Amino acid sequence: MKLQQSLMIIMGLILFAGCKKYLSEEPKKQASIKTVDQLEALVDNATAFSYITSQTAAYSTDDTEIPKALFQNNSTAFTIDNLQYYVNSVDGVVAAATDALWSGEFKKIFTANLILENIDQVTGDDVRRQRVKADAYFIRAYSYWVLANYYCAPYSAANLNALGLPLKKTVNYTESLKRATLQETYDFIMSDIAEAQKVTNDDVESLRPWRVSKKAISAFLSRVYLFRGEYDQSLAQAEIALTTATAKLVDYNTLVPGIPASYANPAATLKYVEQNDWAASKFLYWSEFYYTRYAYIGTQWFVPSNGLLALYDTQNDLRYKSFMIPNGGRRFSVVTPSAFRYTVFNDGRYIPEGPSFGEVLLNKAEVLARKGDASEAMKTVNILRQKRMSTYTALTAIDKDDAIKKVLEERRREMPFAMRWYDIRRLSVNDYPADNVMVVRDFFEVNLTGVNMNAPKTYTLSANRLLVPINGVEMDASKGQIAQNPY
């Protein structure tokens, strides 16, 4: 009972850390933190850390398309905030009432700092203390990496002196909120990862996959180094991660049907697979993860673009047949025109974002392709495809360029929405212009309060918009300390 009461006080303190209050108010109560049990309980509150709420991931990339006819006939199916992200409106995003991504990740950072501030003073077993400390460092590193890949310029030599993030290292509310440089931000991330690597747990803990391990860190580093263009390091970390005995690919041929949904006027039945019915008590343990993280949107509707749908073998790719739901708009009373819905877990709320076995295979394959080993790149991709196709046909590539193209297409098929924003950014600054992505919207004029359906407009995601504006509420709360991104 005492532990439960203490945790309630601690969680009350953390709730002060919604970014506005976190950045501007001293909390009125101090939590009574005495044991490592209390801090470990914070880390084991998996739902507090596992969800990444991002309208950018859901609406801002070429994985998403809202056809004009769909909006004209169903204008209430999308909020004005959704549409500000869809057309990449700087003013619209700044003017939104809140930014759940910014505040959500800074809450995680605050909790990590709370743990780190107390871990050396509490009583308890030293082995557990070190594990919890490693968890806190990795939680903070992961959240800062997410934030950097939304609100900062893409990582490149040319951008290292650009604006990074406010580096919150303590729970002190008077700590400076001035944005560090991008280089300083990544140095901080890598320093935290180095501290997390002191964890003694080598492999993923199947009963608590949200806890850090050496294999989870290697899986994540294979991503970090790939995004930084440090291909040899990415390959080395991928090879380490792939020796896991815990994370494993699921054969999608073994997925069983879920609960169908039937509608009238006109009659329609939508068929799902079992994951659509899973609650957190099950999907948090998804066996492909090295580390549990999900992209989340409350609208429950990832709207796949025609370009994304066209990448799939619609007869044999089980990612298409299981998760791309035709006429899926019926879930939201959308009848005409028919619209697809991408849904994986919990009725379309959550899609995998954390480092997974499939992602690590794709990281390895991409590095091999960029290094010119097309044959090994395709062998690596095909390990994944064998678990994703009802009738398996191996991918082949004739040369380096063809291999890069096919790996990137497979990456979109495997990780739509959750990873596409990240990928568009990094592809824009690497040394291979053939993989650059142009996002163009054929839509209507969107202003701060609504949509003018009498004014068709084309929007293009320009290079200087590959970073999300910082919300005006957060800017105001910082009392001028946080500088806005340049546009």
Side-chain angles (χ1 to χ4, degrees), residues 10-28 31 42-43 45-60 79-82 84-85 89-115 136 139-152 163-180 185 188-189 293-299 349-350 353-354 418 421-422 467-485:
I10 294 169
M11 293 310 297
L13 175 60
I14 291 167
L15 289 176
F16 277 103
C19 204
K20 178 181 178 182
K21 292 184 178 180
Y22 176 33
L23 300 181
S24 63
E25 272 185 34
E26 188 75 30
K28 301 299 187 295
L42 287 177
V43 173
N45 182 17
T47 57
F49 298 106
S50 296
Y51 309 146
I52 298 169
T53 304
S54 174
Q55 293 205 69
T56 301
Y59 293 104
S60 298
T79 70
I80 187 61
D81 281 355
N82 299 157
Q84 302 295 348
Y85 284 89
S89 167
V90 171
D91 292 341
V93 173
V94 170
T98 60
D99 183 344
L101 176 63
W102 178 276
S103 61
E105 295 310 304
F106 270 109
K107 283 182 182 179
K108 297 171 191 175
I109 291 166
F110 180 89
T111 308
N113 286 338
L114 183 69
I115 293 169
I139 288 167
R140 190 167 71 179
Y142 199 107
S143 285
Y144 265 115
W145 186 87
V146 169
L147 290 166
N149 280 276
Y150 280 100
Y151 300 98
C152 304
L163 289 170
L165 295 163
L167 300 182
K168 299 294 292 183
K169 304 175 184 179
T170 73
V171 296
N172 188 338
Y173 283 66
T174 63
E175 192 174 8
S176 173
L177 301 176
K178 181 181 178 182
R179 295 177 69 175
T185 301
F188 186 56
I189 292 168
R293 286 292 185 275
Y294 285 95
Y296 164 82
I297 57 166
T299 58
R349 293 175 177 87
Y350 303 96
E353 201 265 15
W421 172 261
Y422 297 145
L467 62 170
V468 179
I470 297 174
N471 180 264
V473 174
E474 308 298 346
M475 296 280 295
D476 292 344
S478 78
K479 302 185 187 305
Q481 293 185 69
I482 298 178
Q484 183 58 275
N485 289 321

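Since this is a predicted model, take the numbers as computed values, not measurements.
- With sequence neighbours excluded, the residues satisfying ring-ring contact (aromatic ring centres under 6.0 Å, His included) with Tyr296 are Tyr350.
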### Query
Going through the distances and angles, do Glu175 and Lys168 end up as a salt bridge (Lys or Arg N to Asp or Glu O under 4.0 Å)?
CA-CA 7 Å; Glu175 192 174 8; Lys168 299 294 292 183; 3.7 Å; yes

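- Listed by chain and number, the residues in a side chain to side chain contact (heavy atoms under 4.5 Å, CB included) with Asp81 are Gln55, Thr79, Ala96 (sequence neighbours excluded).
- Legend: residues meeting side chain to side chain donor-acceptor pair (under 3.5 Å) with Asp99, ordered by chain and number and at least two apart, are Tyr151.
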### Task
For the pair Asn172 and Thr174, evaluate side chain to side chain donor-acceptor pair (under 3.5 Å) and give the outcome as yes or no after the intermediate values.
CA-CA 5 Å; Asn172 188 338; Thr174 63; 2.6 Å; yes

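- Scanning for side chain to side chain contact (heavy atoms under 4.5 Å, CB included) contacts around Ala100 gives Thr53, with sequence neighbours left out.
- The closest donor-acceptor contact from the side chain of Tyr85 to the backbone of Ala57 lies at 3.5 Å or more, if one exists at all.
- Side-chain atoms of Leu165 and Phe188, non-hydrogen and from C-beta on, never get closer than 4.5 Å to each other.
- Counting only heavy atoms from C-beta outward, the side chains of Tyr150 and Leu101 approach each other to under 4.5 Å.
- Side-chain contact between Lys108 and Ile52 is present, with at least one heavy-atom pair separated by less than 4.5 Å.
- Here Tyr142 pairs with Phe220, Tyr291 under the ring-ring contact (aromatic ring centres under 6.0 Å, His included) rule; sequence neighbours left out.
- For the side chain to side chain donor-acceptor pair (under 3.5 Å) test, residues two or more places apart in sequence or in another chain that qualify with Arg140 are Asn113, Asp192.
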